[in-house]
**Student:** 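Take a look at this one; I'll ask things after.
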Amino acid sequence: MSISDSAGTLASDDVAVNPPVDPYPLFGNGRPTILQVIPTLVTGGAERGCIDIAAAVQRAGGTAIVVSAGGPMSRELERYGARHITLPVQSKNPFTMRRNAARLAAIIREYRVDLIHARSRAPAWSAMWAARRTGIPFVTTFHAPYNFKSRLKRWYNSVMAQGDRIIAVSGFVYDHVAQNYGVGPDRLRLIHRGVDVDIMSPEKVTQARMAQLIQQWRLPEDQRIVLLPGRLTRWKGQTLLIDAIARLGRSDVRAVLVGDDQGRTEYRQELEEQIRRLNLGGHVTIAGHCNDMAAAYMLSDVVVSASTEPEAFGRIIAEAQAMGRPVIVTNLGAVKETVIDGTTGLVVPPNDPEAMAKAIRAALDLDPLQRQAVGMDGMRHVRENFTKAGMCHATLSVYAELLGK
């Protein structure tokens, strides 16, 4: 197990390998109104993508509307000139979903909406019914490969495959949709989720921002940082990383678990008990929510995704590479797309703390030139394949295709 040992420096000129893509192509002479529907705007990758696309629509000369049950992220829409309308579209109650369809149809008529884009199953049913009533194009995004263990669940999921265009956030999800729902390339589009490389850029992070996190998390100066970002939920693999840190047996290493428990207090208590039982009080920090992930990545020596279930894309790992950090990921989901094994990071078997410990040791033992090479390769990989600009350009192109612009 090794990471590339070629030398290099983290210079922006080295990683800006492609000419910049205009993320906001104009819709010809039209100024379409695009309505996105998502359950809530609290936190998450789907929510971030929704806001990014709303901003892109506005900048392209269109009008962006988002319908959700609300949340703190809705305030960002105002900054871009987009409109937010609150409806209980997070509800799975069939009667509420039907009422939401009628309300969405009324919104479509009132605001002269040209296209509706649904990002989750319950609101997708309402959006599809509203689109059919009003005769406008219907787009969906598969943000995950939804599981189904019964005919009823498969039918419930199938609404996401009913779009005039269906967007998959990774090749892994694309294959899932094609194989399980029989959708062909005439309607199915692969658009990877995107990293904002203007924010996730090493040179943008100041020492003051990093110092603030060091103080907040009470990190000692003599320990190497292994960062695991992700909400505190079992499948994100926090218990596996803690076990790996115990097996690593190094006094100069500290794992930092960054993410909100979102009310999962029992799981947090379980993690705290595991830390006590393994006598890792000085080697594992449960940091909670972080508002400055760019600075958190810069503090780290290696960033880990220890997921025990497939990641539909893996935004955290893409962001870490954009920040020039070596990454370690479990071999599930879209990993083969987001990580170049042995070059930008290491891929290990899932649910294997011993393999994780060995990978952490290998990443921490890189010499400075090797670390620079890994960082440069990771930044190049993200800027070639996973930028917000590229995601916005491709999504607006799908809209334009359906609108004939």
Side-chain angles (χ1 to χ4, degrees), residues 3 43-50 52 119 141-147 167-177 190-197 199-200 226-238 240-241 244 255-260 290 293-294 296-297 300 302-352 355-356 359-360 363 374-375 377-388 390-391 394:
I3 295 180
T43 185
E47 291 81 355
R48 172 53 50 201
C50 177
D52 288 342
R119 294 180 174 273
T141 291
F142 266 85
H143 286 279
Y146 303 115
N147 295 321
I167 296 170
V169 300
S170 67
F172 167 67
V173 174
Y174 184 103
D175 291 343
H176 169 85
V177 176
L190 170 59
I191 302 178
H192 285 109
R193 287 169 61 179
V195 174
D196 189 337
V197 294
I199 295 174
M200 295 297 164
V226 178
L227 190 73
L228 192 161
R231 64 189 181 276
L232 296 190
T233 186
R234 192 173 303 279
W235 75 272
K236 287 294 186 179
Q238 287 91 358
L240 184 145
L241 178 61
V256 179
L257 311 180
V258 176
D260 197 338
C290 177
M293 283 306 302
Y297 293 129
S300 68
V302 59
V303 178
V304 169
S305 171
S307 300
T308 60
E309 297 179 12
E311 292 277 3
F313 174 71
R315 178 175 54 89
I316 291 297
I317 288 302
E319 288 180 348
Q321 291 174 98
M323 296 300 294
R325 282 342 191 212
V327 298
I328 300 171
V329 295
T330 49
N331 192 15
L332 293 167
V335 161
K336 293 180 180 178
E337 300 165 66
T338 56
V339 178
I340 305 174
D341 190 19
T343 299
T344 69
L346 295 172
V347 178
V348 300
N351 296 299
D352 190 338
M356 178 65 73
I360 292 171
V374 172
D377 288 335
M379 292 169 69
R380 180 183 295 112
H381 182 50
V382 170
R383 294 189 181 202
E384 285 180 340
N385 299 290
F386 309 121
T387 64
K388 183 179 81 170
M391 178 193 71

**Student:** Please evaluate residues L241 and L257 with respect to the criterion side chain to side chain contact (heavy atoms under 4.5 Å, CB included), reporting the C-alpha separation (whole Å), side-chain torsions for both, the decisive distance (0.1 Å), and the verdict.
**Tutor:** CA-CA 9 Å; L241 178 61; L257 311 180; 3.9 Å; yes
**Student:** Kindly say whether F172 contributes a backbone atom to a donor-acceptor pair with the side chain of E337 at under 3.5 angstrom?
**Tutor:**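 Present.
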**Student:** Could you walk me through whether D341 and L346 satisfy the side chain to side chain contact (heavy atoms under 4.5 Å, CB included) test, starting with their C-alpha distance in whole Å, then the side-chain angles of each, then the deciding distance to 0.1 Å, before giving a yes or no?
**Tutor:** CA-CA 5 Å; D341 190 19; L346 295 172; 4.2 Å; yes
**Student:** Can you name the nearest heavy-atom pair linking T330 to S307, along with the distance?
**Tutor:**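 Reported closest heavy-atom pair: OG1-O, 2.7 Å.
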**Student:** Please find the pair of heavy atoms, one from V169 and one from L190, that lie closest to each other, and give the distance.
**Tutor:**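 Of all heavy-atom pairs spanning V169 and L190, the closest is C-CD1, 4.3 Å.
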**Student:** Do R325 side-chain atoms and Y297 backbone N/O form a donor-acceptor pair below 3.5 Å?
**Tutor:**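 Confirmed, R325 side chain pairs with Y297 backbone.
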**Student:** I need the N351 CG to L332 CG distance, nearest 0.5 Å.
**Tutor:**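 Those atoms lie 7.5 Å apart.
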**Student:** Ignoring hydrogens and geometry, is there a side-chain-to-backbone donor-acceptor pair from Q321 to T338 under 3.5 Å?
**Tutor:**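 The answer is yes, because a donor-acceptor pair under 3.5 Å joins these two groups.
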**Student:** What distance separates R48 CZ from K388 NZ, expressed to the nearest 0.5 Å?
**Tutor:**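 Output value for this atom pair is 8.0 Å.
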**Student:** Identify the heavy atoms of A306 and L240 that sit nearest to each other, and give their distance.
**Tutor:**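 For A306 versus L240, the nearest heavy atoms are CB-CD2, 4.0 Å.
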**Student:** Centroid-to-centroid, H381 to F386, below 6.0 Å?
**Tutor:**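 H381 vs F386: aromatic centres under 6.0 Å.
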**Student:** Is the shortest heavy-atom distance from the side chain of T308 to the side chain of R234 under 4.5 Å?
**Tutor:**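 Counting from C-beta outward, T308 and R234 never come under 4.5 Å.
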**Student:** Check V304 against V226 and note the closest heavy-atom contact, atom names and distance.
**Tutor:**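 What the structure gives for the nearest pair is CG2-CG1, 3.6 Å.
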**Student:** Taking all non-hydrogen atoms of both residues into account, name the closest pair between P229 and M293 and its distance.
**Tutor:**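 Shortest heavy-atom separation between P229 and M293 comes out as CB-CE, 3.8 Å.
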**Student:** Which distance, rounded to the nearest 0.5 Å, do you find between the OH of Y174 and the NE2 of H192?
**Tutor:**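 Spacing of OH (Y174) from NE2 (H192) equals 11.5 Å.
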**Student:** Quick one: pull up NZ in K236 and CD in E309 and give me the separation to the nearest 0.5 Å.
**Tutor:**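 Rounded to the nearest 0.5 Å, the NZ-CD separation comes out at 9.5 Å.
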**Student:** I would like to know whether R231 and D260 meet side chain to side chain contact (heavy atoms under 4.5 Å, CB included); could you show each step before the answer?
**Tutor:** CA-CA 5 Å; R231 64 189 181 276; D260 197 338; 5.5 Å; no
**Student:** Ignoring hydrogens, what is the shortest heavy-atom contact between R119 and G49? Give both atom names and the distance.
**Tutor:**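 Here R119 and G49 meet closest at NH2-O, 3.8 Å.
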**Student:** Closer than 3.5 angstrom, by distance alone: can the side chain of S170 be matched with the main-chain N or O of A312 as a donor-acceptor pair?
**Tutor:**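 Yes, because the side chain of S170 sits within donor-acceptor range (under 3.5 Å) of the backbone of A312.
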**Student:** Quick one, R315 with E319, criterion salt bridge (Lys or Arg N to Asp or Glu O under 4.0 Å). Give me CA distance, side-chain angles, the key distance, then yes/no.
**Tutor:** CA-CA 6 Å; R315 178 175 54 89; E319 288 180 348; 2.9 Å; yes
**Student:** Does the pair V173 and H143 meet the rule for a side chain to side chain contact (heavy atoms under 4.5 Å, CB included), with working shown?
**Tutor:** CA-CA 8 Å; V173 174; H143 286 279; over 6 Å; no
